[in-house]
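Worksheet: the structure to be examined is printed underneath.
Each chain gets a letter, A, B and so on, in the order the sequences are listed, and its residues count up from 1.
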Amino acid sequence: MGQPRVFLLDDHELIRSGIRSELAGQVDLVGEADEVDAGAQMILERSPDVVLLDVHMPDGGGLEVLRRVHHVDPSVNFLALSVSDAAEDVIAIVRAGARGYVTKNISGADLIDAVYRVAAGDAVFSPRLAGFVLDAFAETDPALAALSSDPELDQLTPRERQVLRLIARGYAYKDIATELAISVKTVESHVSSVLRKLQLSNRHQLTHWAADRRLS
Amino acid sequence: MIDPDRLDGYPPTGGHATGPKELSLILGVAQPPLHRATRGAILGGVCAGMAVRLGVRERTVRLLFVLGTLFYGAGPLLYVAVWLFLTRAGETASIADRLSQKRRAMLVTVWSAIIVLAILLATRSLAWQGTGGFVWSVVVSGIGLMFVWRGASSDERAHIEAILDASPVVGGAKARGARALVLRVIPGIVLVVVALIILSRVSGVWGAVVPALVGAAVLSGGLLILLAPWWLENVRDLTKERRARVRMEERTALIAHVHDSVLQTLTLIERNAGSEADVVRLARSQERELRGWLFDPDALNASHRASETLASMLATIQADVERDYNTPVELVTVGDCPVNDDVLALVGATREACVNAAKWSGAANVSVYAEVEPSSLSVFVRDTGRGFDPDAVAPDRQGIKVSIRDRVAQHGGSVTIRTGTDSGTEVALVMARSAK
């Protein structure tokens with residue numbers, strides 16, 4: 001695989017120029033936009049591998065872009081970028097289809113790493129996102145779990161929990177692999193599986209938890 | 001002070017003093033002065049001392065005293081008399097001399113003796129047929145012992161206390177194990193049984209009073225002997241232990257606080273020595289905090305409790321460390337809980353770990369992960385910096401020990417520190433959640 005084709009969507013010029021300089025030479029930057037309408041249209045036209053998507057923008061923000069693009073062209077992978085610490089924004093954008101979430105204070109190397117990961121179809125979990133997911137999938141008592149319509153989707157496996165905890169503690173994937181004596185590939189597959197559950201689960205805590213925070 | 005027992009030429013008190021060489025030395029050179037011995041003494045050192053003076057075995061002297069008991073109890077009487085009037089080796093005055101100078105002690109003892117005698121006479125215990133002389137000897141010896149105790153030097157008192165502690169019935173506080181138990185319980189049971197027999201033989205109205213009193217007294221004595229050591233021991237141990245623990249806890253809390261606030265601020269001031277404004281700001285905020293803590297620590301804690309949770313306190317730490325050390329802190333919390341003493345300790349340790357990571361590791365950022373589970377609280381503070389050698393930390397650098405380990409341990413938690421020269425450091429703090 002050559003350099004992934006990246007589209008940048010952020011309403012702040014300063015942020016865009018910062019990211020541009022971080023990514024320069026490492027990825028193929030195919031375009032950028034500063035508002036939802038134009039951005040969604042350009043993304044559909046150019047079909048990049050990865051969209052770096054600002055969560056907070058006027059006119060519906062990143063969520064609106066995801067809604068417009070995701071059904072039409074599922075091959076576009078979204079990586080959410082945010083200064084937001086709010087769980088509701090992050091969970092909403094991941095449930096809407098983003099394959100990962102990083103904060104804007106991420107280092108250049110980590111950002112490039114994340115872009116490549118998302119381009120390859122993997123998930124990218126920042127420590128914060130891992131924490132949110134652990135919160136949303138908090139262990140329940142067995143009686144409640146038995147009511148679940150789809151137990152496989154509605155619960156994390158112990159291994160997935162371990163991986164998420166290590167991410168939350170600031171471990172890189174290769175550190176996690178060493179710690180748990182598994183391969184990096186296996187770590188990635190655990191994370192992808194968590195992402196799938198996060199997007200598809202109807203787990204009542206998750207919906208309840210999301211509703212509490214005004215999510216759909 | 002000269003200890004005559006130790007002078008060369010005197011026969012040792014070990015019981016083999018009758019060899020021809022030693023004997024000739026004694027006879028030819030000098031007569032050892034008559035003292036109560038300190039070495040080889042069982043009670044007052046009377047027998048051992050006399051053995052030295054006479055150049056015979058201690059065992060012989062002791063046997064004579066025991067045999068003397070058969071002559072109307074003369075043995076004990078003589079023993080106590082010698083104890084009172086003979087100077088102890090290494091001391092300048094006998095117990096009698098000393099007592100005669102301490103008027104108050106003398107008076108108290110005399111009056112106690114008179115009261116004891118009066119009670120004994122009134123209850124006519126001394127008129128028991130056939131044993132009259134023996135009983136008198138025991139009573140007078142007992143009174144003599146009261147004088148001995150009153151007048152003994154502090155050295156000798158310590159010696160007597162040691163004897164009491166080591167003796168099976170009275171001691172017991174220090175003696176543990178099955179043997180001590182048996183030695184304590186048997187005399188106690190014997191006394192209780194004797195008391196019951198006396199009480200069962202009581203008949204008539206007026207004639208019953210005296211035996212009843214004696215029986216009751218013996219019964220109480222028996223019970224006292226049976227139970228007192230346990231009671232005393234428990235009370236003493238508990239109080240001592242409680243005091244020590246409270247002192248220890250206060251000390252740890254104090255050290256941890258001084259370290260966290262004052263020492264850390266001083267370090268910050270050192271670093272910002274160039275900037276007058278920063279130094280003033282730091283000093284002022286530290287002053288405010290210290291005042292608050294010194295003069296109203298409870299209010300400070302209470303206000304923490306009212307408004308804060310674990311997550312909000314950790315967020316404060318994040319902000320403080322980012323501001324003071326210019327190092328980003330990635331904070332992730334899963335779950336939350338209200339603040340109590342345990343949480344305060346955990347948060348304090350977390351702050352210390354964060355500050356250490358920001359200050360020493362050289363890492364670009366610090367990760368803090370806290371998880372609240374139904375049964376436990378855990379916090380992980382991790383950096384990818386240069387790590388450190390825990391054994392090489394200078395002993396006066398108490399941050400890890402006092403502010404992290406001791407503090408968490410005191411609240412029943414555990415601390416694990418993983419560190420390596422190129423893998424960074426992770427401090428794991430785990431604490432069980434109390435039910436309260």
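Paired with A:Val27 under the rule side chain to side chain contact (heavy atoms under 4.5 Å, CB included), one option of A:Val6, A:Leu111, A:Asp49 passes, and it is A:Val6.
Applying the side-chain hydrogen bond (donor to acceptor under 3.5 Å, both in side chains) test to residues at least two apart or on different chains, none of the pairs has a partner in residues 325-335 of chain B.
Of the N and O atoms on the side chains of A:Ser183 and A:Thr186, at least one donor lies less than 3.5 Å from an acceptor on the other residue. For the residue pair A:Arg159/A:Gln162, the side-chain donor-acceptor check at 3.5 Å is satisfied.
Using a 4.5 Å cut-off between heavy atoms, B:Val334 touches chain A through backbone and side chain atoms alike.
By the 30° and 60° cut-offs, the orientation of the rings of A:Tyr101 relative to A:Phe132 is tilted.
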**Request:** Give the intermediate values and the outcome of side chain to side chain donor-acceptor pair (under 3.5 Å) for residues A:Tyr171 and B:Glu426.
**Result:** CA-CA 10 Å; A:Tyr171 282 61; B:Glu426 184 171 58; 2.6 Å; yes
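Of residues 172-182 of chain A, those residues lying under 4.5 Å from chain B by any heavy-atom pair are A:Asp175, A:Glu179.
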